[in-house]
Amino acid sequence: MSNKVRVRFAPSPTGGLHLGGVRTVLYNYLFAKQHGGDFILRIEDTDQNRYVPGAEEYIVNCLQWCGLEPDESPQKGGPYAPYRQSERKHMYYEYAQKLVDSGHAYYAFDTTDELEKMRTTLQSATNTNPQYDYSTRMHMRNSIALSKEEVVELLEKGTPYVIRIKMPQIKELKFTDMIRGEISFDTALVDDKVLLKADGMPTYHLAVVVDDYLMKITHAFRGEEWLPSAPVHLLLWEYLGWKEQMPRWAHLPLILKPDGHGKLSKRDGDRLGFPVFAMNWTDPRTNETVHGFRERGFLPEAFINMLAMLGWNAGTEQEIFSLDELVQQFSIERVHKGGAKFDFEKAKWFNHQYIQRMDSAELVTLVKPYITDKGITTTDEYLAQVVGLIKDRCTLLPDFWEQGHFFFHTPDSIDVAAIKEKWADNKAQFFTQWIDVLKNLSDWNHTSIEQSFNEQLQQNGLKKGDIMLPLRIMLVGGKYGPGVFTIAEMIGKDETSKRINNALNII
Ligand code: GLU
């Protein structure tokens, strides 16, 4: 076996990328980078019925957004190209044939009707789901049950056939999973899976083993939903004579619904109002959109950090890890066996932490589209100031508009009711007089504005507490935002007077 660590993410292009899928990518990536190895993207598109146009491109874009770029992929190429299984179709037949020759697989000529008939006739109270296996295969039309002559005749006539693995009736199979330890299977429970279809295309089972072998994969981390397929794969590695080269496997735990009951599905996202996919995904067949973390305003670094912690921890109190730190500290042995509950509040907490720590120029670049989208033009310098003032109030990127829109435009409406609650003529008088004073304020900054405000309060015999809230609402629209005198400084003298005047007119 080559000494270099080589791992792969092997998605089928059937739709958008669930956060569980991204976590699989991440754990593969971290392991590869930690060992100076290669991370390969292989597209498993042998099931043409489930193929969805655009899904591969979407997956590639997701990996790019997450900063988890493969070393080899269909787009990048590499020493083991092609990386799309449909383009490797010609490579699989010889291995399927080798299995037939060694008696570990066989031709099966059964038509769909015949298969259906087997299922309905054998179905009983004790056997609710009859399978094509050791108990039924001798009653079917295949190269084990039929005579040699019959098989030759069928082949000569060009009868369509599939190649099935011959699962042994009694065999206990074992392997050591890097997360779960020793796992054993009873092969009698597993059906004779199809390895090669009638059109010559391999199924997932054959293709995954052949490609992991040919691409010299050393470790395979995949979701635990693949555990039931493991006995078929174990036998293929053995029957093809490659047992020594078999990658070490780790089956990753599921990501569970927030209440811990069952696997987190895309429907849970709609139901509970949070994203479940990495990026928005619109299914071209139904036009249905599943929402993504990116569009919700998550930073990829925060998303990745959150995912890393869904099922793993460093064994310390540390929760914030850069990708480099994760590469250093990750260990597959510390991944939990049990499922990890998804917690959207915690996901937001990570994003908030990353926003606070982010370099201002970088944050400006990310926030800018949310501002320009509203038809606002602004300078990076002004935006940087705003971002600095409100970032501690922001959790997701769209919050920058919610929390700071008043820095860019006169609010469309203000909370007049909240002002009116404690309004009085002497307050109206205060504001009218203060606007006049402000006109002559030569030095416009928050200190000078606050000073003039305090002087005016004194003259009118009012307390700060009486006037601060109405002033904030006049400038901002509601009871939120950073320091009110800083807001006045930022929006400028004319705009401050204008907003106070507007408010006085409608109170
Ligand atoms: N093609 C499989 C999938 O869609 C890959 C499973 C594996 O990693 O073996 O997830």
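Each ligand, and each atom within it, is numbered from 1 in the order the structure gives.
Interatomic distance, CG of Asp177 versus NE2 of His251, reported as 6.0 Å (0.5 Å rounding).
Distance from atom 9 (O) of ligand 1 to its nearest protein heavy atom, with residue and atom name: Tyr204 OH, 2.7 Å. Nearest protein heavy-atom contact of atom 5 (C) of ligand 1 is Ala10 O, 3.1 Å. In this structure, the protein non-hydrogen atom closest to atom 10 (O) of ligand 1 is Trp226 CZ2, 3.3 Å.
For an aromatic pair to be called close, the ring centres must be under 6.0 Å apart, and Tyr204 with Trp226 satisfies this.
Atoms of ligand 1 lying under 4.0 Å from any heavy atom of Glu44, numbered from 1 in the order shown and given with element: 1 (N), 2 (C), 5 (C). Here is the list of ligand 1 atoms found below 4.0 Å of a heavy atom in Val208: 9 (O).
Distances from ligand 1 to the non-hydrogen atoms of Arg8 include at least one value under 4.0 Å.
The ring-ring contact (aromatic ring centres under 6.0 Å, His included) test with Phe221 is passed by exactly one of Tyr27, Trp249, Phe31: Phe31.
Contact annotation: the side chain of Tyr29 approaches that of Lys33 to within less than 4.5 Å [non-hydrogen atoms, C-beta and beyond]. Proximity of Arg6 to Phe39: side-chain heavy atoms (C-beta onward) are nowhere separated by under 4.5 Å.
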